[in-house]
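Written out below as structure tokens is the structure these notes cover.
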Amino acid sequence: VQLQAFGGGLVQAGDSLRLSCAASGRTFSRYGMGWFRQAPGKEREFVAAISASGISTYYSDSVKGRFTISRDNAKNTVYLQMNSLKPEDTAAYYCSAEPRRDYSYPEYNYWGQGTLVTVSS
């Protein structure tokens with residue numbers, strides 16, 4: 001599985017942004033998917049995850065209520081809708097597929113390249 005994340009950019013605090021992650025391969029619908037982010041000098045942290053069916057979603061406390069993860073298995077794409085962005089959301093965002101353990105751990109078998117989100121105050 002190859003993952004391609006895009007949609008990052010420079011926005012102001014309070015704005016919205018939608019990230020997309022397109023996956024190659026026919027098995028996309030089998031995989032749980034996750035979004036992580038990493039700010040300069042910090043460890044990669046969990047943002048959100050979604051089960052293979054899309055029925056179950058999970059969020060970190062820092063984004064709950066502001067971000068929404070979704071997927072379209074027909075398009076092999078997972079999305080991260082980010083609303084009410086804050087400067088502390090500034091980071092490179094990575095999508096991932098097929099967790100090896102709990103969704104919130106950065107232990108997935110497949111990773112996309114990061115897409116940079118910068119939120120100015």
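At a threshold of 4.0 Å, the pair Asp61-Lys64 counts as salt-bridged, since one of the basic side-chain nitrogens sits closer than that to a carboxylate oxygen.
Under the 4.5 Å side-chain heavy-atom criterion for ILVMFWY residues, no single connected hydrophobic cluster contains both Tyr108 and Val1. Linking Ile, Leu, Val, Met, Phe, Trp and Tyr residues whenever their side-chain heavy atoms come within less than 4.5 Å places Leu19 and Val119 in a single cluster.
Residues that satisfy the side-chain hydrogen bond (donor to acceptor under 3.5 Å, both in side chains) test with Asn109, not counting sequence neighbours, are Glu98, Arg100. Under the side-chain hydrogen bond (donor to acceptor under 3.5 Å, both in side chains) criterion, Thr27 pairs with Tyr31, not counting sequence neighbours. With sequence neighbours left out, Arg30 forms a side-chain hydrogen bond (donor to acceptor under 3.5 Å, both in side chains) with no residue at all.
No side-chain heavy atom of Leu3 sits less than 4.5 Å from a side-chain heavy atom of Trp111. Side-chain contact check for Met82 versus Arg18: every heavy-atom pair is 4.5 Å or farther apart. Arg66 places a side-chain heavy atom less than 4.5 Å from the side chain of Asp89. Inter-residue side-chain proximity for Leu85 and Phe67 is flagged as met; some heavy-atom pair is nearer than 4.5 Å. Counting only heavy atoms from C-beta outward, the side chains of Thr90 and Val117 never approach each other to under 4.5 Å. Contact of the Cys21 side chain with the Tyr79 side chain is not registered, since no non-hydrogen atoms from C-beta on lie closer than 4.5 Å. In this structure the side chain of Trp35 never reaches within 4.5 angstrom of the side chain of Ser96, judged on heavy atoms. At a threshold of 4.5 Å between non-hydrogen side-chain atoms, the residues Glu45 and Arg37 count as touching.
Other residues, nucleotides and ligands contribute at most 12 non-hydrogen atoms within 6.0 Å of the CD atom of Gln2.
No side-chain donor-acceptor contact under 3.5 Å links Ser51 to the backbone of Gly32.
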| said: Checking Asp72 against Thr77 for the side-chain hydrogen bond (donor to acceptor under 3.5 Å, both in side chains) test, could you report, in this order, the C-alpha distance in whole Å, the side-chain angles of both residues, the deciding distance, and whether it holds? | reply: CA-CA 5 Å; Asp72 185 337; Thr77 302; over 6 Å; no

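Taking the ring centre of Tyr94 as origin, the terminal cationic atom of Arg44 falls inside the region bounded by 6.0 Å and 45° from the ring axis.
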